[in-house]
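Below: the structure, in structure tokens.
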There are 2 protein chains.
Amino acid sequence: MLAGGYGGPVIEPAALQTAPSATAERADAADERAGRVTINDVAAAAGVSVSTVSKVINGRYGVSAKTAEHVSRVVGELGFETSIVASSLRGGRTNVIGVLVAGFEPFTLGVLQGISAELTGTGYDLLAYSGRSAPGEQAGWERRSLSRLGGTLIDGAILVTPTVETASTPVPIIAIDPHTGRSPLQSISGDNRDGALQAVRHLIELGHRRIAHLRGRGDLESALLREEGYRRALLEAGIPVREELIVDGDYLADTATGAVAALLDLADPPTALFAANDVSAIRAMDVATGRGLRVPQDLSVVGFDDIPAAATSVPALTTVHQPLEEMGRLAARRLLDELDGRAQPEPGRHEELATQLVVRGTTAAPEA
Amino acid sequence: MLAGGYGGPVIEPAALQTAPSATAERADAADERAGRVTINDVAAAAGVSVSTVSKVINGRYGVSAKTAEHVSRVVGELGFETSIVASSLRGGRTNVIGVLVAGFEPFTLGVLQGISAELTGTGYDLLAYSGRSAPGEQAGWERRSLSRLGGTLIDGAILVTPTVETASTPVPIIAIDPHTGRSPLQSISGDNRDGALQAVRHLIELGHRRIAHLRGRGDLESALLREEGYRRALLEAGIPVREELIVDGDYLADTATGAVAALLDLADPPTALFAANDVSAIRAMDVATGRGLRVPQDLSVVGFDDIPAAATSVPALTTVHQPLEEMGRLAARRLLDELDGRAQPEPGRHEELATQLVVRGTTAAPEA
DNA sequence: ATGAAAGCGCTAACAA
DNA sequence: TTGTTAGCGCTTTCAT
């Protein structure tokens, strides 16, 4: 049966555009799905069975050198690449790391860059997936994504700012900046408390005493820790915490607008503001300048995260830098160690990376 | 046969962690793949066939309201989500848009942000895939990725800076900043020539006459157009183009190092430099300051792209802003229009978005 | 209205 | 050494 196989027509790569299949009988089928060469096409063209092709592709034993070489050549000629979809469904490894995100905003992007950098040269591909949360299903997007990905499309996953507890999962998982405090997941985050501490100390050193705090989302661990840092800095400087100077910003620009306005309406308004993230800090600046206040002369502002926009705002925002890229790298490293058997899974293990205050143009000593 | 079905045990969501399956016979199988609920589990739990479940999920006709409601409830209770992998393999639509990238660097990230923004609320999920090019297979990564994704995991794809011609593809495709000039692909890019024109005009207006150009990769359309803009600006100002002031930077920091050094070694060195991208521009600054030159007093520098690092360099880099986000949005819009049948495919159609010079701190009038 | 069964591309027993 | 076959989870005819 193999008789004519080896002597069969050799397809020129250039010719593939119009005739992806080597066997005449399959030509019509090929027309429908132009561009996609399957293992069947290869088997037919090489005159062997699909399992033989599979063995060659995956370097399994049980194929003669001669056959292996022949098949390899046909694979090259046809430009065949095994479909992750099919092999994944079948259950094998895919050599793909999944990064599950709620969306592609600055925070996510920074982390992604780190993961990508760490993965180069490891043989793993990177697949970032953002499941647009179905209406009314904001929280728990990561569970849905994990399900949709089938737990097999990817060999392991990195969850970026997951919102809910995820207990049993089909593949090894590591979380970055988990929102629910200590979870059973292995996780990585920036040192939120210390970052806040640095930010507020900086304001105190500049001579500020009436320092307000624009809080983050109350249900998120990071927001709680940032507020804790704010309080501690005040305490250690002997400055009493005034609750009316703590307002809710929700990490959102829109929520910040009203909160900051209320702050500035106070009889004794603050001379400085520590916002829980850059997005709300930048909005706070807008609100202040909109009222004729000058930043930083009349109001100093410090943010958190150090997103790209922080460097381009006018004036440039003083903020706490989170090592997003490094967080991504570390997460990838931990996951790979586990996947490649270099380390055992350590549920609940939590690592914190140092944060760093970046002083730019929105902070100065209070006037008079 | 349905007899006991409706009266069957109702699984509490909380109980799922340990017993994802409702039928005793399947309990052991479930143990192996904890966390993944399949359509079979749902069918068994609901006491109906898998095809019925499938119909309900996809809103097909041929299911009684009563059954539909029952199945829906079980789906909710078990937290079932259909696997993209399986449904994709079967051939149906997945409602997933693929973004194929060479890696996750600043350029890519900006585009991704735009695509993501445009996709919110459309019902499409976003899957970004970076196939770590196999050794020696740098170019053509997009063809490999496209193959690996099976042409069915995704309903359509956006190729970011593809490197080779891609003729017939399994799904609708649109390219951003294609590297090979006019291709059969529908594509979108920034206005490279005009951006370069703005950059060099700016230098001329400042009073510069000896303006050098650090070229990009010669095989890339964008680099050619940027050089063209440079030449045209000089020409229209009546300044003769001096070929010795044009050197190769390859878009790479390392290549830029030597090229810039050579430029500064000239008997009559340039007072200004237009670099083909930010990465090489920033390196050029380093080289100059390393030789004791001051930027911008002794050497003005303009970059291209406006990556985040351009805003944080010291001094901040004057550069040409590419509307990365808008490019992503437009690509997504075009693709969706095609997928949803609102527009016909227009092979070869090319759209250019305006670029904009951003003057920051690295350009000034030449010192006497 | 419902279910049985085929098949998408691939891998891994198992047979020959 | 090679081929045959049985699924992986899902959708979709086609029966019933």
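This structure is a prediction, so every number in the text was calculated from the model and none was measured. Protein chains get the first letters and strands the later ones, always in sequence-line order, with residue 1 at the start of each.
Atom CG in A:Leu149 sits roughly 16 Å away from atom C1' in D:dC8 (whole-Å rounding). Rounded to an integer number of Å, the gap from B:Leu153 CG to C:dC8 P is 17 Å.
Taking the side chain to side chain contact (heavy atoms under 4.5 Å, CB included) definition, one finds that A:Val96 meets it with A:Ile84, A:Thr94, A:Asp125, A:Leu127, A:Ile154, B:Tyr129, B:Arg148, sequence neighbours left out. Among residues two or more places apart in sequence or in another chain, the side chain to side chain donor-acceptor pair (under 3.5 Å) test is passed with B:Ser51 by B:Ser49. B:Val63 is linked by a side chain to side chain contact (heavy atoms under 4.5 Å, CB included) to B:Thr52, B:Lys55, B:Val56, B:Thr67, B:Ala68, counting only residues two or more places apart in sequence or in another chain. Considering only residues two or more places apart in sequence or on other chains, A:Arg60 meets the side chain to side chain donor-acceptor pair (under 3.5 Å) condition with none of them. Residues that satisfy the side chain to side chain contact (heavy atoms under 4.5 Å, CB included) test with B:Glu69, not counting sequence neighbours, are absent from this structure.
In this model, the phosphate group of C:dT11 is approached by a side-chain N or O of A:Asn58 to a distance below 4.0 Å at OP1 or OP2. Checking the phosphate oxygens (OP1, OP2) of C:dC10, no side-chain nitrogen or oxygen of A:Ser88 falls inside 4.0 Å. One finds a side-chain N or O of A:Thr52 lying less than 4.0 angstrom from the OP1 or OP2 phosphate oxygen of D:dG3. Taking side-chain N and O atoms only, B:Ser54 has a distance below 4.0 Å to OP1 or OP2 of D:dT11. An OP1 or OP2 oxygen of D:dT11 is reached within less than 4.0 angstrom by no side-chain nitrogen or oxygen of B:Arg60.
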Using a cutoff of under 3.5 Å, can you pull out all pairs of nitrogen or oxygen atoms linking the protein to nucleotides 4-6 of chain C, with atom names and distances?
| from | atom 1 | to | atom 2 | distance (Å) |
| --- | --- | --- | --- | --- |
| C:dA4 | N6 | B:Ser51 | OG | 3.3 |

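Exactly one of A:Asn58, A:Val48, A:Thr82, A:Val74 qualifies for a side chain to side chain contact (heavy atoms under 4.5 Å, CB included) with A:Val53. That residue is A:Val48.
Residue-level contact check: B:Phe80 touches the backbone only, with heavy atoms under 4.0 Å from sugar-phosphate atoms and none from bases. Using a 4.0 Å heavy-atom distance criterion, A:Ser83 is classed as a sugar-phosphate-only contact.
Projected onto DNA chain D by closest heavy-atom contact, B:Val53 and A:Gly62 fall at different nucleotides, the more 5' of which corresponds to A:Gly62.
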